[in-house]
2 protein chains.
Amino acid sequence: MDPKSSHAPTSDDDRSRSRVATLQQVARLARVSTATVSRVLNNSPRVREETRRRVLRAVRQLHYLPNYHARLLAGAKTRTLGMIVSNIENPFFLDIFCATEARAQQAGYEVVVENTNYDRQRLLESVRSMLARRVAGLAIIVSEIDPQLFEELSQQNLPVVFYDVGRPGPNMTNIRVRYEKGMQRVLEYLYALGHRRMAFVGHHASLSPLQERRRTFLQMVRRYPDVEHVTVTQADGPAGGRAAMNQLLAMGFRPTAVVCVNDFMAIGVLRELRDRGIQVPEEVSVTGFDNIALAEFLNPSLTTLNIPRRRIGHMVFELLTAPPEHLSMGQEIVIEPELVVRESTGPAPQRAL
Amino acid sequence: MDPKSSHAPTSDDDRSRSRVATLQQVARLARVSTATVSRVLNNSPRVREETRRRVLRAVRQLHYLPNYHARLLAGAKTRTLGMIVSNIENPFFLDIFCATEARAQQAGYEVVVENTNYDRQRLLESVRSMLARRVAGLAIIVSEIDPQLFEELSQQNLPVVFYDVGRPGPNMTNIRVRYEKGMQRVLEYLYALGHRRMAFVGHHASLSPLQERRRTFLQMVRRYPDVEHVTVTQADGPAGGRAAMNQLLAMGFRPTAVVCVNDFMAIGVLRELRDRGIQVPEEVSVTGFDNIALAEFLNPSLTTLNIPRRRIGHMVFELLTAPPEHLSMGQEIVIEPELVVRESTGPAPQRAL
DNA sequence: CGAATTTTTGAGAGCGCTCTCACGCTCTCG
DNA sequence: CGAGAGCGTGAGAGCGCTCTCAAAAATTCG
């Protein structure tokens, strides 16, 4: 607006400069020092009641709001945690985030999330951004991973929690889900029901942890020499699941059981089967993984493996905020998935179609 | 650890102090001034190639990462946007966030979200926290609202976008969905199908914008004097929807159509009906609002009103980052929901049960 | 009532960075 | 060959806050 709004110091009258008030201005208005204002804002008890009131009045009058960055820079301790997830649209990740957030909120912390979309590059960027923010702790709940990451992270003196992809180290905790155990349970269960033609629906084959899951499926299924099997891979999510089921059928493979890498994809598998008039579970059984809240609302409701996301979320918070000596040596927390049987699975059909 | 780690300047040897390197240290190692390091880090072209390399080597050697807070404090412009939502677990909000985030990411911005859980107090806290962070723009996508908010916000010279609950003003844009238009369409549609006993499933009766929706339903339905109707209220989400349907039936009211305030709740309504063996849409029709991605994956798939969340998300980004003169006067963007007919609705049953 | 405490307050030094100036250096050109 | 133009660089002043240290004010007590 003002063409001659120069950068010259406006001396006394600096109202016009920055739109927001500073501690300095509050102090001036309240006729006290900045130290005193700071004390009031931080609830230091060593302030006379009358002074406190005077300061608070000035704060209100100027619509003062402390500058978070200045505060941190000046030495206040952060109460911000960072969390990086692969796909926040997948309820699995979202639930963990929400659980951590709830705990954090309660304890006066904040948590900022970033989404990588299963992109290694973005993971690196996100980590750097979190470090630049000087978060008090960082949770890395992703499926992609980069060896470089460990190096960068171990340099920092920062509590880090990994999910699945990490390895314990100084200040680093890893939460590991015994995926193979879960897979084994599913396969045993399906085999016992008579299934001998199985498909695995996965996503993002290029990422090693996800690759791993596919491998686990293959490994486990080979224990049953009489089981035919096939694996397909699509994008994470219902649409990907649907595409996967489509692809499977297009290949001419007609499984009696479809094992999905997670519930989110299973939603799409279920949908595609219904579209084609294939009955679940009468003709095809479907399983997921995670036990997202939605699983029991689906029609048919989904047989899956439970992963205690709420517990994990809380654990993440505990680990990130624990006094450093508690976790300086690094540890690994192991979680066993439990089979939750619902409507989407049943005995294999008597005769092949 | 070191009991005598005093605050005395450690002169040359300050490696032991802060764990992370500073610009200063990088400058020292590279034998240049801090200004030059800053120039290199900010890709200023006016640096000799050799100097740049020397600096970058020092950066790598020290594992240097700029301190975001110091950077901002020193005058760099923020590339962080804030978004506050009522319930991030509701795909409606999540989709808007993701759409905004995607655009932001692309343009080199970040967006930090906060979740209020429909809590007025938390909304206020979140807004303050965002202001303290000095975000470049703030999107308030919530259903609760506080008159005090407008005052606080209009004080700041900050682009703000409201969804539904705002009113245009200086630097403030409001995105308004013509809810009543949507409701009208649904009711016309259902009426034409012969429905004469309808229920409305809402949530959070205490919040005026949500109250408003219930009121809109009542208002619209009264245009049809021969339609019996009832409204119930539960928590947002599938579980709430289920409880609502349960409550409805427990009241002895047997609707032929259930109009849900959003898709998220409709999921639960569908589930409860199926549990009770009530056929959808043969015996009861169900509608949602929002057209979340899941709607078409449900069984039966959900008739709903589309709200272009992706478009809204992009719009939010545009509005928050537009040059100030473009929106200094405030505007209101109006969105018309469109009916999307799927499987969950059909003609009213011939005779009452 | 003055000394000894205790409580309340202020001055000022940073925190780690950006940015403005001004300076030195290398070129160009009259 | 000297003046002027550019480029590359360094010095240093903040940004808005917290915190230490010491001084000032209030309170207590012999």
| Between the base of dG10(C) and the side chain of Arg31(A), is there a donor-acceptor distance below 3.5 Å? | no
| query | Would Arg167(B) count as a cation-pi partner of Phe150(B), with NZ or CZ less than 6.0 Å from the six-membered ring centre and within 45° of the ring normal? | reply | yes
| request: Mark yes or no: Arg103(A) above the aromatic ring of Phe317(A), with NZ or CZ under 6.0 Å from the six-membered ring centre and no more than 45 degrees from the axis. | output: no
So, OP1 or OP2 of [N]: does either fall under 4.0 Å of a side-chain N or O from [X]?
X	N	answer
Ser33(A)	dA11(C)	no
Ser38(A)	dT18(D)	yes
Thr36(A)	dT9(C)	no
Arg48(A)	dT7(C)	no
Thr22(B)	dG16(C)	no

Starting at [atom1] of [X] and ending at [atom2] of [N], how long is that distance when rounded to a whole Å?
X	N	atom1	atom2	answer
Arg53(A)	dT8(C)	CZ	P	14 Å
Arg54(B)	dG8(D)	CZ	P	14 Å
Asn67(A)	dT18(D)	CG	C1'	13 Å
Arg28(B)	dG16(C)	CZ	C1'	13 Å
Leu41(A)	dT18(D)	CG	P	7 Å
Leu23(B)	dT18(C)	CG	P	6 Å
Leu65(A)	dC15(D)	CG	P	19 Å
Leu131(B)	dC17(D)	CG	P	13 Å

Using a heavy-atom cut-off of under 4.0 Å over every strand shown, decide if [X] touches base, sugar-phosphate, or nothing.
X	answer
Thr51(B)	sugar-phosphate
Tyr64(A)	sugar-phosphate
Val37(B)	nothing

Identify which nucleotide among [options] has an atom closest to any side-chain atom of [X], counting heavy atoms from C-beta outward.
X	options	result
Thr34(A)	dC17(D), dT18(D), dT9(C)	dT18(D)
Arg46(A)	dT8(C), dT18(D), dG12(D)	dT8(C)
Pro66(B)	dC17(C), dG8(D), dC17(D)	dC17(C)
Asn42(A)	dT18(C), dA11(C), dT18(D)	dT18(D)

| query | Mapping Ala74(A) and Leu72(B) onto DNA chain C by nearest heavy atom, which one lands closer to the 5' end? | reply | Ala74(A)
| field | First of Leu73(B) and Ala35(B) reached from the 5' end of DNA chain D, by closest nucleotide | value | Ala35(B)
| query | Mapping Arg39(B) and Gly75(B) onto DNA chain D by nearest heavy atom, which one lands closer to the 5' end? | reply | Arg39(B)
| Modelled atom types, side-chain donor and acceptor of Tyr68(B) and Thr80(B), under 3.5 Å | yes
| query | For residues Asn87(B) and Asn117(B), is any side-chain donor paired with an opposing acceptor at under 3.5 Å? | reply | no
| task | Report yes if the side chains of Ile140(A) and Val161(A) come closer than 4.5 Å at any heavy-atom pair, otherwise no. | result | no
| task | Take Glu152(B) and Arg128(B), measure what salt bridge (Lys or Arg N to Asp or Glu O under 4.0 Å) needs, and give me the verdict at the end. | result | CA-CA 9 Å; Glu152(B) 287 200 25; Arg128(B) 296 222 176 94; 2.8 Å; yes
